[in-house]
Amino acid sequence: MLKGILNYAHYLLEETIQSGEKVIDATCGNGNDTLFFSKLVGENGHVYAFDIQDQAIANTRKVLINNNCSNVSLIHDSHERILDYFPKDKNEEIAGAIFNLGYLPRSDKTVITTPDSTVTAVDAILNRLKKDGLVVLVVYHGHEGGKEEKEGLLKYLLQLDQKQFNVLRYGFINQKNDPPFILAIQKKVLKLK
């Protein structure tokens with residue numbers, strides 16, 4: 001059976017991330033991916049969950065408390081500053097990351113992710129990503145500003161060296177109203193040039 005977009009995103013990450021590793025939820029939203037990551041990396045792993053909105057941080061905190069998760073750092077900041085939260089003197093690897101692009105469901109639809117901040121965040125993560133690590137972007141583009149983010153992201157990903165990265169696009173093409181799709185980036189080499 002074909003997997004839905006979010007189920008497939010989680011499936012890909014489950015195949016990559018091991019217990020005890022460090023991961024990033026770049027857009028924690030309502031906490032679903034943060035909770036998924038928390039369980040996936042276990043008590044010896046750690047999740048860094050980012051969002052710029054107070055409501056998203058509060059929603060995620062509630063989910064984590066309700067599920068007794070203590071291996072998460074909630075960070076009220078833009079995902080474009082991800083590396084500010086990783087010590088520069090330590091070369092800690094990131095095992096994986098997920099982004100849900102667009103806006104926070106059931107909230108202010110004018111607060112959206114943008115191509116510049118998303119590309120900056122993805123680029124930063126790719127430089128710290130482990131070999132065979134994975135960044136998954138769930139691209140919601142049917143809102144104002146969504147098309148620009150989708151195009152900016154695709155332009156960036158198309159220029160990634162195929163010797164260093166595999167880039168996958170997964171989505172349903174016969175659905176109406178700009179269905180979301182997945183972009184998954186797998187790192188093939190340990191150190192980038």
Side-chain angles (χ1 to χ4, degrees), residues 3-88 90-114 117-118 120-122 124-130 132-140 143 149 180 182-186:
K3 293 184 183 296
I5 295 299
L6 293 175
N7 287 336
Y8 190 62
H10 286 187
Y11 165 77
L12 290 172
L13 291 161
E14 283 174 325
E15 293 294 306
T16 304
I17 296 166
Q18 306 297 315
S19 178
E21 293 187 306
K22 291 179 174 57
V23 293
I24 294 172
D25 183 352
T27 51
C28 68
N30 288 312
N32 298 317
D33 291 328
T34 307
L35 177 61
F36 164 77
F37 268 163
S38 175
K39 291 178 178 181
L40 192 59
V41 300
E43 63 184 39
N44 294 322
H46 200 79
V47 182
Y48 296 86
F50 290 80
D51 213 292
I52 61 169
Q53 295 184 76
D54 291 328
Q55 181 182 350
I57 297 295
N59 294 348
T60 302
R61 181 174 285 113
K62 183 176 180 181
V63 167
L64 296 173
I65 290 169
N66 289 342
N67 287 277
N68 299 313
C69 298
S70 60
N71 61 346
V72 177
S73 294
L74 286 174
I75 302 166
H76 187 216
D77 201 352
S78 172
H79 54 228
E80 72 184 315
R81 287 192 279 283
I82 280 173
L83 292 187
D84 291 351
Y85 296 90
F86 287 82
K88 291 175 179 45
K90 291 185 180 179
N91 202 15
E92 291 181 294
E93 287 186 327
I94 298 165
I98 190 165
F99 291 71
N100 275 288
L101 303 178
Y103 57 86
L104 179 63
R106 298 175 299 284
S107 71
D108 183 353
K109 293 181 181 180
T110 64
V111 180
I112 60 172
T113 54
T114 64
S117 69
T118 299
T120 297
V122 170
I125 292 169
L126 292 180
N127 282 296
R128 293 292 285 268
L129 197 63
K130 73 175 185 177
D132 296 323
L134 193 65
V135 176
V136 174
L137 299 113
V138 182
V139 183
Y140 295 90
H143 60 280
E149 183 171 37
I182 288 175
L183 295 167
I185 312 152
Q186 182 182 38

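Numbering starts at 1 and runs along the sequence shown.
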Test side chain to side chain contact (heavy atoms under 4.5 Å, CB included) on Leu74 and Leu64 and set out the steps.
CA-CA 10 Å; Leu74 286 174; Leu64 296 173; 4.2 Å; yes

Can you list everything that forms a ring-ring contact (aromatic ring centres under 6.0 Å, His included) with Phe36? Sequence neighbours excluded, please.
His10

Check Ala97 against Ile125 and note the closest heavy-atom contact, atom names and distance.
CB-CD1, 3.9 Å

Shortest non-hydrogen contact from Cys69 to Leu35?
SG-CD1, 3.5 Å

Between CG on residue Asn100 and CD1 on residue Ile182, distance to nearest 0.5 Å:
9.0 Å

Check: Thr16 and Asp132 side chains under 4.5 Å, non-hydrogen atoms:
no

Where is the tightest heavy-atom contact between Ala9 and Val136, given as atom of each residue plus distance?
CB-CG1, 3.7 Å

Here the gap from Leu12 atom CG to Asn7 atom CG, rounded to the nearest 0.5 Å, amounts to 11.0 Å

Which atom pair, heavy atoms only, marks the closest approach of Cys28 to Ala56?
SG-O, 4.1 Å

Which residues satisfy the salt bridge (charged side-chain N to carboxylate O under 4.0 Å, His left out) test with Asp84, sequence neighbours excluded?
none

For the side chain of Asn71 and the backbone of Ser38, is there at least one donor-acceptor N/O pair under 3.5 Å apart?
yes

So if I apply the side-chain hydrogen bond (donor to acceptor under 3.5 Å, both in side chains) rule between Thr34 and each of Asp25, Thr60, Thr27, which one comes out positive?
Asp25

Counting only N and O atoms by type, is there a donor-acceptor contact under 3.5 Å from the side chain of Asn30 to the main-chain atoms of Asn32?
no

Do the side chains of Thr118 and Leu137 get nearer than 4.5 Å, heavy atoms only?
yes

Neighbour count >12 (heavy atoms, 6.0 Å) for atom CD, Glu14:
yes

Which atom of Ala95 lies closest to which atom of Glu21, heavy atoms considered
CB-OE1, 3.3 Å

Short question: side chain of Asp33, backbone of Phe99 - any donor-acceptor pair under 3.5 Å?
no

Between Asp51 and Gly29, is there a donor-acceptor pair closer than 3.5 Å when you use the side chain of the first and the backbone of the second?
yes

When rounded to the nearest 0.5 angstrom, what is the spacing between CZ in Arg128 and CG in Leu83?
6.0 Å

Would you indicate whether the side-chain heavy atoms of Val41 and Lys22 approach each other to under 4.5 Å?
no

Taking all non-hydrogen atoms of both residues into account, name the closest pair between Val63 and Gly31 and its distance.
CG1-O, 4.0 Å

Polar side chain donor-acceptor pair, Ser73 to His46, under 3.5 angstrom:
yes

CD of Gln53 to CG of Asn59, rounded to nearest 0.5 Å, is 9.5 Å

Step by step, would you call Leu13 with Leu134 a side chain to side chain contact (heavy atoms under 4.5 Å, CB included)?
CA-CA 7 Å; Leu13 291 161; Leu134 193 65; 4.2 Å; yes

Pairwise side-chain contact, Ile24 with Tyr85, heavy-atom cut-off 4.5 Å (strictly under)
no

Would a 4.5 Å heavy-atom cut-off, applied to side chains only, mark Ile82 and Phe50 as touching?
yes

